[in-house]
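All of these numbers come straight from a predicted model, not from anything done at the bench.
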Amino acid sequence: MVFKRLLGSLGVGGPTVDTVLDPGPVHPGGPLTGQVHLRGGTADFEIEQITLELVARVEDERGDEEREGVVLFDRFTVGGGFRLAEGEHRSLPFTAHLPWETPITELYGQPLGIILGVRTGLEIAGAKDKGDLDQLTVAPLPVQEAVLEALGQLGFGFKSADLELGHVGGTGQRLPFYQELELTPAPQYAHAIKELEVTFLANPGGMDVVLEADKRGGLFSSGEDALTLFTVGHEGVEHRDWNAEVDAWIRRLVERRAAYGSYGSHDSYDSHDSYGAHGSYGHGEHDGHGHGFGHADHHHDGHHDGGRRSGPSTAAIVGGVAAGVAVGVVGGMVAAEVVDEIGDAFEDEEDED
């Protein structure tokens with residue numbers, strides 16, 4: 001028995017863990033459910049704690065340098081404080097709630113190239129920590145899908161998606177990173193912007209929609225970014241004319257940049273079509289999470305160029321995708337490759353530790 005425990009402390013013959021998430025995508029702010037399956041080793045072991053960690057592959061951009069790393073953005077304890085007998089099989093069901101700002105990883109069932117995972121930790125008395133890693137699939141909230149659907153109907157096309165380390169200043173952002181969905185412009189706005197970036201910051205009461213326009217530069221223009229923010233609620237999504245509302249957002253983003261100088265605008269857009277300016281914001285440094293880097297504030301004092309282009313590319317259109325923002329091959333990865341990539345990404349990070 002002593003020899004078996006010694007082997008267990010070296011990771012040989014110890015308990016193993018396999019977490020199985022319930023089928024189907026989850027949603028930001030919604031429940032994450034599944035079961036943790038334990039199998040006993042070659043001796044009895046005290047299971048001190050079983051944890052689930054939400055992890056994400058995040059980009060860190062500082063100047064011309066770009067790096068990637070794994071960020072832990074939430075942690076839950078789902079069990080522990082019991083003895084697992086030799087060879088015993090035990091299953092523990094769990095329910096945990098995702099942060100409201102959890103990034104979306106798919107749209108209309110198509111992956112966006114965002115890598116999220118659920119890492120299971122098994123803390124065992126006198127033995128090495130065992131673990132398990134599962135891919136996390138997150139579908140958009142109804143209001144997020146409505147906004148993206150409207151953008152697609154207006155002619156914007158999907159380009160890419162990523163997670164960026166940093167903080168959107170002037171918002172209630174809680175996670176140490178934010179998601180950017182990059183879209184090619186609709187034909188009617190191609191003369192003014194060359195790319196539209198969309199960031200969703202959801203909370204229990206509603207959602208901030210941050211729109212950033214990478215403007216076209218010309219002979220007399222700076223080509224710098226313009227920012228604006230709108231707040232929407234979760235209720236009554238099906239009763240709103242999202243095409244008209246989102247088109248109004250884009251027009252305000254394009255038309256009001258000069259009036260608001262270098263600091264953008266923050267608008268509250270509710271079902272009564274009311275707006276209000278709320279001061280400045282931008283992508284800034286995020287503190288409190290051990291990361292001393294992020295995006296500097298953007299300035300928006302350029303002028304639009306008169307040049308046009310033909311409109312959004314159709315290269316990413318995939319059969320079966322609804323008439324919203326078209327997605328297909330994302331960042332050079334198809335769905336099967338995304339599944340392989342998640343394990344490789346997090347294993348590489350653990351090897352560095």
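- Side-chain contact between V209 and T231 is absent, with no heavy-atom pair separated by less than 4.5 Å.
- Taking the ring axis of F82 as reference, the NZ or CZ atom of R90 stays within 45° of it and closer than 6.0 Å to the ring centre.
- Contact of the L133 side chain with the T120 side chain is not registered, since no non-hydrogen atoms from C-beta on lie closer than 4.5 Å.
- Side-chain atoms of T171 and D208 include no donor-acceptor pair closer than 3.5 Å.
- In this structure, the separation between CG on L122 and CD on E48 is 10.0 Å, given to the nearest 0.5 Å.
- Using modelled atom types, one side-chain atom of H234 and one backbone atom of G206 make a donor-acceptor pair closer than 3.5 Å.
- Contact of the L196 side chain with the F156 side chain is registered, since non-hydrogen atoms from C-beta on lie closer than 4.5 Å.
- Within the cation-pi definition used here (under 6.0 Å to the ring centroid, within 45° of the axis), R252 does not qualify as a partner of W249.
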Practice task
Carefully, step by step, assess Q49 and T77 under the rule side-chain contact (heavy atoms from CB on, under 4.5 Å).
Solution key: CA-CA 7 Å; Q49 188 171 243; T77 299; 3.4 Å; yes
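- H27 and W100 have their aromatic ring centers separated by at least 6.0 angstrom.
- Between the H167 side chain and the Q173 main chain, a donor and an acceptor come within less than 3.5 Å of each other.
- In this structure, the side chain of D44 engages the main chain of E86 through a donor-acceptor pair within 3.5 Å.
- Between the CD atom in E164 and the CD atom in E59 there is a gap of 6.0 Å [rounded to 0.5 Å].
- For the atom pair E68 CD and E61 CD, the distance stands at 10.0 Å (nearest 0.5 Å).
- Considering every non-hydrogen atom in both L116 and P103, the closest pair reads CD1-O, 3.6 Å.
- Residues T19 and D134 have side chains that never bring a donor and an acceptor to within less than 3.5 angstrom of each other.
- In this structure, the side chains of L229 and L211 stay at 4.5 Å or more apart for every pair of heavy atoms.
- No donor-acceptor distance shorter than 3.5 angstrom exists from the side chain of T33 to the backbone of T95, with no hydrogens or angles considered.
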Practice task
Decide yes or no on side-chain hydrogen bond (donor to acceptor under 3.5 Å, both in side chains) for Q110 and E106, but give the supporting numbers first.
Solution key: CA-CA 5 Å; Q110 299 292 328; E106 69 169 29; over 6 Å; no
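- Taking the six-membered ring for Trp and thresholds of 30 and 60 degrees, F73 and F177 have ring planes more than 60 degrees apart, a perpendicular arrangement.
- Side-chain N or O atoms of E101 include one that pairs as donor or acceptor with a backbone N or O of L175 at under 3.5 Å.
- Between E195 and K159 there is a salt bridge, with a side-chain nitrogen of the basic residue lying less than 4.0 Å from a carboxylate oxygen of the acidic one.
- We find the CD1-CG distance between I47 and L84 to be 5.0 Å, quoted to the nearest 0.5 Å.
- The side-chain heavy atoms of V58 and V70, taken from C-beta on, include no pair separated by under 4.5 Å.
- E88 places a side-chain N or O within 3.5 Å of a backbone atom of A85 that can act as its donor or acceptor partner.
- Considering only heavy atoms from C-beta on, L151 comes within 4.5 Å of L183 through its side chain.
- What you find for V237 and P142 is that their closest heavy atoms are CG1-O, 3.8 Å.
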Exercise for the section: Could you go through the side-chain contact (heavy atoms from CB on, under 4.5 Å) check for V26 and L98 one step at a time? Expected result: CA-CA 9 Å; V26 294; L98 299 179; 3.3 Å; yes
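- A donor-acceptor contact closer than 3.5 angstrom is absent between the side chains of Y178 and D162.
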Exercise for the section: Please step through side-chain contact (heavy atoms from CB on, under 4.5 Å) for the pair L38 and T16, ending with a clear verdict. Expected result: CA-CA 6 Å; L38 299 172; T16 59; over 6 Å; no
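- Between the side chain of Q35 and the backbone N or O of S91, no donor-acceptor pair lies under 3.5 Å.
- With values rounded to the nearest 0.5 angstrom, E212 atom CD is found 11.5 Å from T228 atom OG1.
- Counting all heavy atoms, side chain and backbone alike, A213 lies closest to L253 at CB-CD2, 3.6 Å.
- A salt bridge links R240 with E245: at least one charged nitrogen is closer than 4.0 Å to a carboxylate oxygen.
- In this structure, CD on E53 lies 5.0 Å from CZ on R119, to the nearest 0.5 angstrom.
- In terms of heavy-atom proximity, P176 sits nearest to L165 at O-CD1, 3.4 Å.
- Heavy-atom minimum distance, A56 versus L163: CB-CD1, 3.8 Å.
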Practice task
Go through the steps for F94 and I50 under the test side-chain contact (heavy atoms from CB on, under 4.5 Å), then give the verdict.
Solution key: CA-CA 11 Å; F94 65 84; I50 304 170; over 6 Å; no
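- A pairwise comparison of heavy atoms in L141 and P28 identifies CD2-O, 3.4 Å as the closest pair.
- By the 4.5 Å heavy-atom criterion applied to side chains, T105 and T137 are counted as neighbours.
- Q179 pairs with exactly one of I104, T199, T102 by the side-chain contact (heavy atoms from CB on, under 4.5 Å) rule, that one being I104.
- Side chains of F76 and L54 form a contact here, defined as non-hydrogen atoms less than 4.5 Å apart.
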